[in-house]
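Model, not experiment: these values are computed from the prediction. So you know, we letter chains A, B, ... as the sequences are listed, proteins then strands, and number each from 1.
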Amino acid sequence: MTESPENLSIAVWRGDDSGGGYEQFDVPARQNQTVLDVVSWIQQHTDPSLTYRFACRVGMCGSCAMMVNGEPRWTCRTHVKTVLKGNRLEVGPLRNLPVIKDLATDMDPFFDKWVASEGAHHPTRTRHDPIAPVDPTEGNRVEANEGIECINCAVCYSACDTVTGNPDYLGPAALQRAWTLFNDTKDANRGAILDAVSGSGGCHNCHSQGSCSHYCPNELNPMKAIAGLKRASATRFFRRSS
Amino acid sequence: MLDIRLYMLQRITALIMAPLTLGHIAVMIYAVQGGISAEEILSRTQGSVFWFLFYGCFVVAVSLHGAIGLRVVVHETFGVIGKTLSWFTWLVAAGLMALGLYAVFAVTL
């Protein structure tokens with residue numbers, strides 16, 4: 001790997017839930033390096049106490065998301081040269097989640113909302129029954145397929161201004177999960193899913209600003225999924241009323 | 001904060017308001033052609049059941065629609081929650097309805 005003559009000036013947020021601030025680090029510039037490489041270099045060469053989270057390094061596990069220059073990104077797949085401003089970079093913990101330490105956030109609220117939105121499969125059969133065939137071209141399955149590549153990175157949750165203003169809002173990832181299950185022909189309780197997403201923190205709080213779809217690193221479309229939940233719950237509302 | 005009942009109420013009131021707003025604008029354009037005066041407006045509206053129902057529906061729809069919209073703004077901007085938020089919503093709705101219906105009664109009775 002060829003080394004560039006200059007150093008990068010990296011501002012990294014240090015602190016915990018009670019407060020903190022940005023600390024400057026100089027990191028050698030390389031021709032090819034990701035934001036996660038930069039954070040790892042600081043931790044390995046300058047300050048071993050820097051806390052951050054990663055696992056797979058290849059965009060599969062969804063654990064390394066951080067705010068980069070104020071925008072949520074998966075850092076293992078974000079090349080420094082695509083986000084550098086001059087030779088400066090600002091890296092912080094994900095927005096809308098409590099900070100544990102430095103760049104590591106507490107993901108509990110994010111995953112609690114997956115549970116609250118009935119993001120768990122409701123089986124139609126037991127393990128003793130034969131596996132139900134699924135037609136991959138069927139309409140509901142095609143709709144469900146659009147959301148199943150979610151890696152739970154919380155980039156959409158962090159990008160969502162509605163979550164910022166309304167902490168009870170379930171958020172785009174949990175609602176997309178609910179929409180995926182709602183369209184799963186193997187799910188036995190679609191009514192429970194609509195009940196879960198129709199409460200005071202449910203899908204009807206979404207303002208369709210589209211930050212979730214804009215920032216999703218896997219180019220999924222949670223805003224479309226939320227619109228689907230709104231449509232399904234409104235249809236049920238009129239059917240119940242009639 | 002915004003469950004399906006409030007969401008549907010806001011959408012349904014929007015559906016009611018849309019044609020009434022177009023009707024209101026159409027009548028305004030028609031009525032202003034030969035100049036406009038209080039006597040001319042009142043001669044059309046006073047004693048009219050149609051205009052009472054037209055603007056009465058409009059006021060009720062606006063009061064509910066606006067109160068729910070302000071509920072969202074107040075919650076997301078100032079963090080108002082719980083009973084305070086409910087009281088705010090229904091007070092705004094009642095206030096808008098009282099002001100609007102006062103005007104409707106004044107020009108149609």
Spatial distance of atom OH (B:Y7) from atom OG (A:S198) [nearest 0.5 Å]: 10.0 Å

Do the non-hydrogen side-chain atoms of B:M8 and A:H204 ever get within less than 4.5 Å of each other? no

Count the heavy atoms belonging to other residues, nucleotides or ligands that lie under 6.0 Å from CD of A:E219, then report whether that count exceeds 12. no

Per-residue tally against chain B (heavy atom, under 4.5 Å) across A:C203, A:P167, A:G202, A:A234 peaks at A:A234

Report, as yes or no, whether the 6.0 Å neighbourhood of atom CZ on A:F111 holds more than 12 heavy atoms from other residues, nucleotides or ligands. yes

Shortest non-hydrogen contact from A:N205 toward B:E76: O-OE2, 4.4 Å

Are there more than 12 heavy atoms of other residues, nucleotides or ligands under 6.0 Å from atom CD1 of B:I81? no

Contact part of A:D168 toward chain B, heavy-atom cut-off under 4.5 Å: side chain, backbone, both or neither? neither

Is it true that atom CZ of A:R88 has more than 12 heavy atoms of other residues, nucleotides or ligands lying nearer than 6.0 Å? no

Between A:H207 and B:V72, is there a side-chain heavy-atom distance shorter than 4.5 Å? yes

Is any side-chain heavy atom of B:L2 closer than 4.5 Å to one of A:Y169? no

Rounded distance (nearest 0.5 Å) linking atom CD1 of B:I4 with atom OG of A:S200: 13.0 Å

